[in-house]
Amino acid sequence: MTHQSPTLSEAQKRELHETALRIVSPGKGILAADESVGSMAKRLAQVGVENTEENRRQYRQILFSADDRINGCIGGVIFFHETLYQHSDNSVPFVKMIRERGIMVGIKVDKGVVPLAGTCGETTTQGQTTKYYGLLLISLTSPQRNAYYKTNYHSIVNLTGLDGLSERCAQYKKDGAVFAKCRCVLKISDANPSQLAIAENANVLARYSSICQQHGIVPIIEPEILPDGDHDLKRSQYITEKVLTAVYKAMSDHHVYLEGTLLKPNMVTAGHSCSTKYSPEEVAMATVTALRRTVPPAVTGVAFLSGGQSEEEASVHLNAINNCPLAKPWILTFSFGRALQASALRAWRGHKENEKAATEQFIKRAEANSLACQGKYTGGDNYGESGQRSYGSCHAY
Ligand code: 13P
């Protein structure tokens, strides 16, 4: 019988917990700037900019060169692999620019979604398969396998980080990353999500978390339930509860140290095509209720994705969540991609002379969400203007 977090020392646990706490310290959330090259193609196309490495660098520089006003608003930035090794116009590494202002550097480690055979269009996430582990142990009988597992726990854990997740984490840590993100995707329809998709994606997130923690990297656990469909708020809440229950069962099975993790869930909102409109307070109540039923209080923070909501909607919902009159044992903040960047991208449009204005737009959203994660946001004038939504069906990141 093993014991909780068998591979982590007390010092490692302390480091993980402290890093998690710093990322979501009061008034702070996360900038998700980890769009893959493919996702950036879609973002840049919206503003008529070609998807070249240089344009992606220029765009990220607009965000990363924001002045000190963002220091109290942003606790962490999630990078994409390419961005982690890019520099500013003055040859300063982006990682250095971010770290020097006390902001934590994170890295997207998943390699996107792939079809899950035997389901109705569902997916699992690549980046941490057990390919080599399987090959290694396939020839052993079950008792032999158990004996091997008992005596080789550490090497198996390393081997199962396969298709290089363990090695990549070690390298990213050396290169300045202290947290990571892995995104799994679930869909709601009459038949979905299936039990298989729920279980498989929960397991992927738990394996990833365990590997990250062994390298001193705080895992952000992102089981995103897409807003595609016409389901109502109740169904969204029900599915969110089922998914999160499976996620935390898997975390327990994999001995993940919860205090050294952050959860990145969807807010509980009705499907995008649902005819019923719900108030921010209803969204907040559904979201906090779902979390209270499923997420252990030991989890250090919950940083919501924006999921294609407009910038205002996301801020207003986050504010309402923080004002929801239920006990909330976790820090509840943001880890927004589109809801922090949409106006900045529109202001930029690839023109040098717009760079300053674009940076200002990003700062404006960072400040709004800093207030919202403390329940102090009083803006929201454009709330409900769906024209501003950056929703895309079956959104891939
Ligand atoms: P959105 O806030 O645009 O949904 O993205 C957050 C994210 O990181 C998705 O993985």
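Whatever order the structure lists them in is the order used to number ligands and atoms, beginning at 1.
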Could you give the distance from [atom1] ([X]) to [atom2] ([Y]), rounded to the nearest 0.5 Å?
X: Ile188; Y: Ile225; atom1: CD1; atom2: CD1; result: 5.5 Å
X: Met40; Y: Thr52; atom1: CE; atom2: OG1; result: 9.5 Å
X: Ser315; Y: Leu371; atom1: OG; atom2: CG; result: 9.5 Å

As an exercise, identify every atom of ligand 1 less than 4.0 angstrom from a heavy atom of [X].
X: Ser306; answer: 1 (P), 2 (O), 3 (O), 4 (O)
X: Glu222; answer: 7 (C), 9 (C), 10 (O)
X: Phe336; answer: 2 (O)
X: Ala32; answer: 8 (O)

Lys108 charged N/C atom sitting above Phe80 aromatic ring, 6.0 Å / 45° | no
| task | Could you establish whether Ala314 and ligand 1 come within less than 4.0 Å of each other, counting only heavy atoms on the residue side? | result | no
Query - Pair Tyr172 + Phe79: ring centers closer than 6.0 Å - result: no
Does ligand 1 come near enough to [X] that some N or O of the ligand is less than 3.5 Å from an N or O of the residue?
X: Gly307; result: yes
X: Gly337; result: yes
X: Lys264; result: yes

Among Lys108, Arg43, Lys181, closest by heavy atom to atom 10 (O) of ligand 1 is Lys181
Please list, one pair per line, the donor and acceptor atoms closer than 3.5 Å that link side chains of residues 295-306 to other protein atoms, with sequence neighbours excluded.
residue	atom	partner	partner atom	Å
Thr300	OG1	His17	ND1	3.2
Thr300	OG1	Glu259	O	2.5
Ser306	OG	Ala339	N	3.3

